[in-house]
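Reviewing the structure listed below.
Computed from heavy atoms alone, side chains included, the values below leave out hydrogens, waters and symmetry copies. Just so we're on the same page: letters track the sequence lines, and every chain starts at 1.
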Protein chains: 2
Amino acid sequence: MTRAASRKNPTRIQRAKTEAILGAALEVFATEGFRGATLDQIAEAAGISKPNLLYYFASKEDVHGMLLARLLDTWLEPLRRLDPAGDPQAEIGAYVRRKLRMSRDYPRESRLFAGEILQGAPRIGTMIRGPLRALVDEKAQVIRGWARDGLIAPVDPYHLIFSIWAVTQHYADFDVQIRAVLGSDDEARFSEAERFLTHFYARALAP
Amino acid sequence: MTRAASRKNPTRIQRAKTEAILGAALEVFATEGFRGATLDQIAEAAGISKPNLLYYFASKEDVHGMLLARLLDTWLEPLRRLDPAGDPQAEIGAYVRRKLRMSRDYPRESRLFAGEILQGAPRIGTMIRGPLRALVDEKAQVIRGWARDGLIAPVDPYHLIFSIWAVTQHYADFDVQIRAVLGSDDEARFSEAERFLTHFYARALAP
DNA sequence: TCCAAATTTGACCGTCTGGTCATAAAGCAC
DNA sequence: GTGCTTTATGACCAGACGGTCAAATTTGGA
């Protein structure tokens, strides 16, 4: 088998190197963008040579694609967990907090995703128009139901979801700008943001 | 003089070509990123040859820098116009709408800015830490005053401003994603967003 | 220990790209 | 029209980059 990374039963080395490469690539792609990143950069960050990297992945696109595929699996998880049977206000508040924590704990993933969308989603367009849209449609119906039942204020569920994505991801994607204004205390920044957003959505959605 | 673009008294041709180049460059940089964009691409989009482009600008960085410099001049204008003497709720609502309209009318500029921040603001870091921060500090004090006087709900003014940036710019920067979910009717999308955001901030900030 | 498979890399290739330069083709004031 | 300046471009260059390949080294099961 030529392509080591795609084996069914990867060896210890394969698993370790593949992981090292993806970790390095995430870092580099997130800060440099797809075109800006170079294989030499990624290889060096992973502690291997460029040909060795290409022994595990067929191409630069392959590495990038693998990262995106993995990311998308988990990216929508917070929304998936929005429970139609739960208390509307609590559910939405919890969703906001889950999403904010993803920005705090996975900022590189957030920036990778943001970069991809900014450039027109050339590699994940089908996924966006497929599973992502389907999930949003589903949850929008749930929220619409809550509004109809008077459990939350009557708002457009789609724009509500967009606003949650925007305000939470902003803390990862525009990190540099926020740092520049607030100073660098990550801990404080995120707990302030959590307090602000929790209160904000609670007030805005109170029936 | 070698560099035609920086003359004090530009000729008719200089003005026209410089403008054509910047327009083309904005388009290309916004969709491809700095590294992704090529001078050939920009030159072709501007309808001239690459050497001719380099007759007007010293380098690729120069073109990019000029775009950013122009952008930043106007980017903060909506916030600057937040009037401390106005009605708090109305002022903030108007600010949100101004910012949203910038996303609608200047999406390429928004994406250019987003890309720059996403990559760590390598070229506008000083501006971010200087004038931008100063303006935000100033307006945050205004908002804090309003909250203290009970004219709006007591919220962290910095995170309030961040949230406004996030939700409005989101409609330009994540345009592809929003299109994928809502369909492509720009007109409807933005007027819905305006209604949503106006109501949302009004409710959340009601004293 | 032995050996076949897996892993690693130095050297190399073709292409792309930012930028240069000599030269040619407008513009334009007189 | 003349002559000087501005504007425009084809040809070219050096470096960077994605990717290949043959050969060397390591790994791990029997």
Discussion item. Counting primed atoms plus P, OP1 and OP2 as sugar-phosphate and everything else as base, spell out the protein contacts along nucleotides 16-22 of chain C at 4.0 Å heavy-atom distance: B, S or - for each nucleotide, 5' to 3'.
Written reply: -SBBBB-
When the distance from [atom1] of [X] to [atom2] of [N] is rounded to whole Å, what number comes out?
X        : N       : atom1 : atom2 : answer
Leu53(A) : dC17(D) : CG    : P     : 15 Å
Arg15(B) : dT6(D)  : CZ    : C1'   : 15 Å
Phe57(A) : dT20(D) : CZ    : C1'   : 19 Å
Ile21(B) : dT7(D)  : CD1   : P     : 11 Å

Practice prompt. Test Leu135(A) against every option in Leu82(A), Leu79(A), Ile161(A) by the side-chain contact (heavy atoms from CB on, under 4.5 Å) rule and name the one that passes.
Written response: Leu79(A)
Does [X] make a side-chain N or O approach to OP1 or OP2 of [N] shorter than 4.0 Å?
X        : N      : result
Gln14(A) : dT7(C) : yes
Asn52(B) : dT9(D) : yes
Tyr56(B) : dT6(D) : no
Tyr55(B) : dT7(D) : yes

Practice prompt. Would you kindly check if the NZ (Lys) or CZ (Arg) of Arg101(A) is within the cone defined by 45 degrees around the ring axis of Tyr106(A) and under 6.0 Å from the six-membered ring centre?
Written response: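 Pair Arg101(A)/Tyr106(A) does not count as cation-pi.
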Worksheet entry | Pair listing, salt bridge (charged side-chain N to carboxylate O under 4.0 Å, His left out) test, anchored in residues 165-182 of chain A, at least two apart | Asp175(A)-Arg179(A), Asp175(A)-Arg189(A), Arg179(A)-Asp186(A)
Worksheet entry | Tyr201(B) and Ser163(B) side chains, donor-acceptor separation under 3.5 Å |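 A donor-acceptor contact under 3.5 Å links the two side chains.
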Worksheet item: Side-chain donor-acceptor pair under 3.5 Å between Arg97(A) and Thr198(A), yes or no?
Response: yes
Fill in: His159(B) ring center within less than 6.0 Å of Tyr171(A) ring center
yes
